[in-house]
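Here the structure is laid out as C-alpha cells; the discussion comes afterwards.
Atom set for the values below is all heavy atoms of this structure, side chains included, hydrogens, waters and symmetry mates excluded.
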Amino acid sequence: MPTLAIVGAGPGLGLAIARTFGSRGFDVALVARTKEKLETLADQLGREGVTAAGFPADILDRASLIDALDAARARFGGIDVLEYSPAPHSPVPGLTVAAPSQVTVDNLQPMIEYGFYGAVTAAQTVLPAMREAGSGTLLFTTGGGSVDPVPMFGNANAAQAALRNWVINLSKELAGSGVHAAHVAVNVWIGGGGPEGGPTATPEQIAPLYWDLYENRDRSEAVFNA
C-alpha cells in the first residue's frame with residue numbers, strides 16, 4: 001500500500017485529504033501535536049476502511065517532527081506522499097499576526113519557524129528516500145495570502161510566500177527525478193466561522209485538488225478559489 005503522511009492533521013482539511021487518498025488505496029500517517037486528537041482521527045478513518053495511525057509532533061520542535069516522520073516511515077514501510085498543512089486553530093505560543101508596518105523580527109521569526117522551517121524539515125526527512133526510489137510527491141499548503149497578501153496577516157503572509165517560492169523552486173530542481181513538489185494556496189475560509197461575506201468552502205470541496213496534483217505531476221502550484 002502507498003502511504004500518505006499529513007503534517008498538521010486535523011478534523012477539517014487534513015481529514016478530508018486523508019479520506020480522498022485513503023479511499024484510493026493509501027494508508028495514512030497523521031502528524032500533529034495532540035495524541036488524543038490523532039487517535040480520534042485514526043479511529044474515525046479506520047471505521048471508514050482506511051488504515052491510519054497517529055504520530056505526535058510539535059512542528060516548532062524540529063527534532064520531534066523528524067522523529068514522527070521516521071516512525072511513520074517505519075510503521076508503514078515508507079512515505080510516498082507528504083502533505084504539509086499546519087493551521088493554528090488553537091493558540092500556538094509565540095504566534096501573533098501583524099500588519100506589514102508592524103512586522104518585526106520578533107513576530108516574524110515564529111511564523112517562519114512554523115510555516116517555512118517546519119516544511120523544509122519535513123521535506124528533508126522524506127526526500128532522500130524518494131530520490132532513491134525515483135518517485136514521490138511533496139504537497140505544501142498555505143493561505144491565499146502567499147500569492148495575494150492581506151494586510152492584517154503581514155508577517156504570516158511573508159512566511160507563507162517564502163514557502164511558496166521555495167516549493168516552486170524545489171519543483172524545478174526535482175524535474176525529471178520522479179519526485180514531484182507542488183504548492184497549494186487556499187484562497188478561501190475553510191468551513192464556518194470566517195469573516196462575514198468572505199468566500200468559504202468545505203474541506204470536502206478543497207481536498208480533490210490534492211489528488212489532482214498527485215495525478216497531474218506537471219503542475220507546481222494551484223490556487224483554490226471559491
Side-chain angles (χ1 to χ4, degrees), residues 4-10 12-14 17 31-33 57-66 68-69 79 81-89 92 94-100 103-128 130-131 136-175 177 179-190 206-207 209-210 212-214 217 219-225:
L4 162 71
I6 299 176
V7 178
L13 182 59
I17 294 171
V31 180
R33 284 187 297 166
D58 183 346
I59 290 168
L60 292 172
D61 178 355
R62 290 194 281 278
S64 77
L65 178 55
I66 293 169
L69 289 170
I79 293 174
V81 179
L82 171 75
E83 195 280 317
Y84 186 89
S85 56
H89 297 296
V92 176
L95 288 188
T96 58
V97 296
V103 170
T104 65
V105 171
D106 288 341
N107 63 38
L108 177 59
Q109 184 63 33
M111 288 293 184
I112 293 175
E113 292 277 354
Y114 188 85
F116 186 20
Y117 292 168
V120 172
T121 299
Q124 295 294 358
T125 304
V126 302
L127 184 54
M130 289 182 176
R131 280 186 181 273
T137 300
L138 305 166
L139 303 173
F140 303 87
T141 305
T142 68
S146 63
V147 179
D148 183 13
V150 181
M152 68 178 292
F153 298 116
N155 55 347
N157 287 170
Q160 292 172 351
L163 173 59
R164 172 177 174 262
N165 179 284
W166 174 76
V167 173
I168 294 171
N169 211 14
L170 178 63
S171 175
K172 294 177 180 179
E173 179 191 348
L174 294 173
S177 71
V179 183
H180 173 221
H183 173 264
V184 179
V186 179
N187 199 29
V188 297
W189 190 273
I190 303 174
I206 301 169
L209 176 59
Y210 293 81
D212 183 60
L213 284 171
Y214 168 71
R217 305 170 66 81
R219 301 172 62 190
S220 62
E221 68 172 326
V223 178
F224 184 91
N225 292 300

Can you give me the closest heavy-atom contact between [X] and [Y], atom names plus distance?
X: L138; Y: M130; value: CD2-SD, 3.8 Å
X: L209; Y: A222; value: CD1-CB, 3.8 Å
X: A185; Y: G144; value: CB-CA, 4.2 Å
X: V103; Y: A98; value: CG2-O, 4.1 Å
X: N157; Y: P149; value: OD1-CA, 3.3 Å
X: I59; Y: G118; value: CG2-CA, 4.0 Å

Point to revise | Residue pairs involving residues 144-155 (criterion side chain to side chain donor-acceptor pair (under 3.5 Å); sequence neighbours excluded) | key: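 Output for this query lists T142-S146.
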Using 0.5 Å steps for rounding, measure from the [atom1] atom of [X] to the [atom2] atom of [Y].
X: L82; Y: F140; atom1: CG; atom2: CZ; answer: 5.5 Å
X: L174; Y: N169; atom1: CG; atom2: CG; answer: 10.0 Å
X: I79; Y: I6; atom1: CD1; atom2: CD1; answer: 11.5 Å
X: L163; Y: M111; atom1: CG; atom2: CE; answer: 13.5 Å
X: N225; Y: N187; atom1: CG; atom2: CG; answer: 4.5 Å
X: Q160; Y: Y114; atom1: CD; atom2: OH; answer: 10.5 Å

For residues [X] and [Y], determine if any side-chain heavy atom of one lies less than 4.5 Å from a side-chain heavy atom of the other.
X: Y210; Y: L13; answer: yes
X: V184; Y: L139; answer: no
X: R164; Y: V147; answer: yes

Review point. What residues form a salt bridge (Lys or Arg N to Asp or Glu O under 4.0 Å) with R131, not counting sequence neighbours?
Key: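 Here the qualifying residues are E173.
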Practice item. Kindly write out the residues that satisfy salt bridge (Lys or Arg N to Asp or Glu O under 4.0 Å) with D212, not counting sequence neighbours, or none if the list is empty. Key: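 Applying salt bridge (Lys or Arg N to Asp or Glu O under 4.0 Å) to D212 gives R219.
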Check your understanding: Got a sec, which residues hit side chain to side chain donor-acceptor pair (under 3.5 Å) with Y84, two or more places apart in sequence or on another chain?
Key ->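 Scan of Y84 (side chain to side chain donor-acceptor pair (under 3.5 Å), adjacent residues dropped) gives none.
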Check your understanding: Between the side chain of T137 and the main-chain N/O of Y214, is any donor-acceptor distance below 3.5 Å?
Key ->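 No; judged by distance alone, with no hydrogens or angles, the pair does not exist.
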**Study point:** Check: T125 side chain, T121 main-chain N or O, donor-acceptor pair, under 3.5 Å
**Key:**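 Yes, the answer is positive, given that a donor and an acceptor are paired below the 3.5 Å cut-off.
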Exercise for review: Could you list all the salt bridge (charged side-chain N to carboxylate O under 4.0 Å, His left out) pairs where at least one residue sits in residues 109-124, not counting sequence neighbours?
Suggested key: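 Found R62-E113.
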Review point. Residues two or more places apart in sequence or in another chain: which of them pass ring pair (Phe, Tyr, Trp, His ring centres under 6.0 Å) with F153?
Key: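 In terms of ring pair (Phe, Tyr, Trp, His ring centres under 6.0 Å), with neighbours along the sequence ignored, F153 is linked to no residue.
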